[in-house]
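In what follows, a single structure is set out as structure tokens and then discussed.
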Amino acid sequence: MKNSIIVIDFGSQYNQLIARRVRDFGVYAEVFPCTSSLNEILALEPAGIILSGGPSSVLSKDAYTISQEIFELGIPVLGICYGMQLTAHLAGGKVVKGKQGEYGKTLFEITHHCELFEGVPAVSTVWMSHFDEVIEIPEDFLICGKSQSEIAAFYHPKKKIYAVQFHPEVSHTEFGEQILKNFVLNICQCEKNWELKNFIEYQIQEIRDKVGDKKVILGLSGGVDSSVASVLLQKAIANQLTCIFVDTGLLRLNEAELVMKTYAENFDIQVIKVDARNRFLDKLAGITDPEQKRKIIGHEFIEVFNEEASKIENASFLAQGTIYPDVIESQSVKGPSATIKSHHNVGGLPEDMHLELVEPLRELFKDEVRKVGIELGIPAEMVYRHPFPGPGLGIRILGEVTPEKVEILQKADAIFIQELRNSGLYEQVSQAFVVLLPVKSVGVMGDERTYEYTAVVRSADTIDFMSATWSRLPYDFLEKVSSRIINEVQGINRVAYDISSKPPATIEWE
């Protein structure tokens, strides 16, 4: 698309987040792998190019790189983290291996004014995540920012080439949005051309073109993503869609009954329920490795679908509510992104699966999915429901998954969610749940000694689920939740509260 921003992916976990931020400004952004040719990039006639971060070192023999011609095209370029180091390296500067690296929140000082930092205070907090550092900038470039004693930003005033060592795309960088907005709207002078209404119309046509007169099966979980995907598909292909809801035995308390009731009352969509609780729990017996659990759940999930698909004549497609964060954290999307974890939607599909995938939401972030849901007329209480992972409680029970542990966690989690709703806090936080640890500790209940499990309460605040902070829930509220869980759930005698942010932690524990 003309007048767009191209993000070149060098393996950063935040590459799609950069595109997400640009879309916030109403400007279309697309991610290209760093292996793309210059001709492929220029075919979109971009107004600007952003070089993402990455886990590699520009000093490595197999370092990811790009043609130096990119700096001679007359198109504004912004290098971020690895992108800054690569810019310096390719343009004749000097990059060295750092002594200790720089990670987390850091003070950034603007040392020379340039239009990239218009409206940004002289000193602000930024998010760093790098080991190598630039110690000499290329000829004709100017240093415009530093952190401690390091070069943290430089630019070429005539060629409109900019580079920053920190990540302006993550929420931890105070004025990151302003910096990106300066680049996209002021330096690149992009016109607004991205609206979710256009996305809906485009996806409906894409679905019709791809599916034709064939039938589609969708894996319905009752969560935001699969619900939005199902309604979008129904608008595109009507009764060609059949939703299959699999009760894996790893759902929240009374979840199966709630999902079936909700769909019967709100949507004209055919939903088939499959009770596979014993099947999943039997497969997970004795398994403790989180990746193995995910793979087992994913494989079994698709096996169930294959069995059900064989009963539906002319079923050719499997639809899933896969979204950007699922893809980014599971595999390389359009570039060499480092793997953090697999996801059953994208990481565990058997090679002999008989259905072709349809994933209409895979280019959207969670908040964009919610906006699409509202545009499609889905009730707000469904759209703004907290996310629930595809593998379900299988990854919220650390270690082996057993029927006893599932029951314990379901009850504890239900109490936490109920209290959030009762206190008016549910809609103020982005995702909340309880984790059951494979750890037992001594306690005293009444006059008796106990030796039971530890539960961890987790609540995170985020916009896009690529970065998040822990929720500052009131102490009185946490005390009430802890008291109820310990008193009402047999098997738990200790409750902790997770105060880790993402990064460096993830929102889910496994």
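Quick caveat, the model's predicted, so the values are computed rather than measured.
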Short side-chain donor-acceptor distance under 3.5 Å, [Y] and [X]:
X: Arg494; Y: Ser441; answer: yes
X: Ser459; Y: Ser471; answer: yes
X: Ser430; Y: Thr462; answer: no
X: Asn422; Y: Gln418; answer: no
X: Ser467; Y: Ser171; answer: yes

N/O donor-acceptor pair under 3.5 Å between [X] side chain and [Y] backbone:
X: Glu400; Y: Thr288; result: no
X: Ser230; Y: Ser227; result: yes
X: Gln428; Y: Gly424; result: yes
X: Ser310; Y: Glu307; result: yes
X: Ser423; Y: Glu419; result: yes

* To do: Please assess Glu510 against Lys293 for the test salt bridge (charged side-chain N to carboxylate O under 4.0 Å, His left out), listing each intermediate value before the final yes or no.
  => CA-CA 10 Å; Glu510 286 190 343; Lys293 287 194 291 185; 2.9 Å; yes

Other residues, nucleotides, ligands: >12 heavy atoms within 6.0 Å of [X] [atom1]:
X: Asp268; atom1: CG; answer: no
X: Lys480; atom1: NZ; answer: no
X: Phe477; atom1: CZ; answer: yes
X: Glu177; atom1: CD; answer: no
X: Glu407; atom1: CD; answer: no
X: Glu313; atom1: CD; answer: no
X: Glu257; atom1: CD; answer: yes
X: Lys273; atom1: NZ; answer: yes

* Asked: In Å and rounded to the nearest 0.5 Å, what is the NZ to CG distance from Lys405 to Leu393?
  ->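 Reported to 0.5 Å precision, the distance equals 13.0 Å.
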
* Starting at CZ of Phe301, measure out to CD1 of Ile244 and round the result to the nearest 0.5 Å. => 8.5 Å

* Give the ring-plane orientation class for Trp127 versus His172, where under 30° counts as parallel, over 60° as perpendicular and anything between as tilted. => tilted

* Asked: Parallel under 30°, tilted from 30 to 60°, perpendicular over 60°: which one fits the rings of Tyr28 and Trp194?
  -> tilted

* So do the side chains of Ile297 and Leu284 get within less than 4.5 Å of each other, counting heavy atoms only? -> yes

* To do: Using a 4.5 Å cut-off on heavy atoms from C-beta on, say whether the side chain of Leu318 contacts that of Val358.
  => no

* Under the salt bridge (charged side-chain N to carboxylate O under 4.0 Å, His left out) criterion, do Lys181 and Asp24 qualify, and how do the steps go? -> CA-CA 9 Å; Lys181 185 179 290 186; Asp24 270 351; over 6 Å; no

* CA sep, side-chain torsions, deciding dist, call: Ser483, Asn487, side chain to side chain donor-acceptor pair (under 3.5 Å) -> CA-CA 6 Å; Ser483 177; Asn487 287 316; 3.2 Å; yes

* To do: Apply salt bridge (charged side-chain N to carboxylate O under 4.0 Å, His left out) to the pair Lys371 and Glu195, showing each step before the final yes or no.
  => CA-CA 10 Å; Lys371 291 175 183 176; Glu195 288 187 29; over 6 Å; no

* To do: Under the side chain to side chain donor-acceptor pair (under 3.5 Å) rule, what do Ser221 and Ser226 come out as? Steps first, then yes or no, please.
  => CA-CA 6 Å; Ser221 70; Ser226 66; 3.0 Å; yes

* **ring pair (Phe, Tyr, Trp, His ring centres under 6.0 Å) between Phe433 and His386, intermediate numbers included** => CA-CA 9 Å; Phe433 54 92; His386 290 183; 9.3 Å; no

* **Residues Arg385, Glu255; criterion salt bridge (charged side-chain N to carboxylate O under 4.0 Å, His left out); working and verdict** => CA-CA 13 Å; Arg385 192 180 187 197; Glu255 179 80 359; 2.7 Å; yes

* To do: Kindly indicate, with the supporting measurements, whether the criterion side chain to side chain donor-acceptor pair (under 3.5 Å) is fulfilled by Gln431 and Arg458.
  => CA-CA 8 Å; Gln431 186 171 2; Arg458 174 69 156 154; over 6 Å; no

* Charged N to carboxylate O below 4.0 Å: is that the case for Asp461 and Arg472? -> no

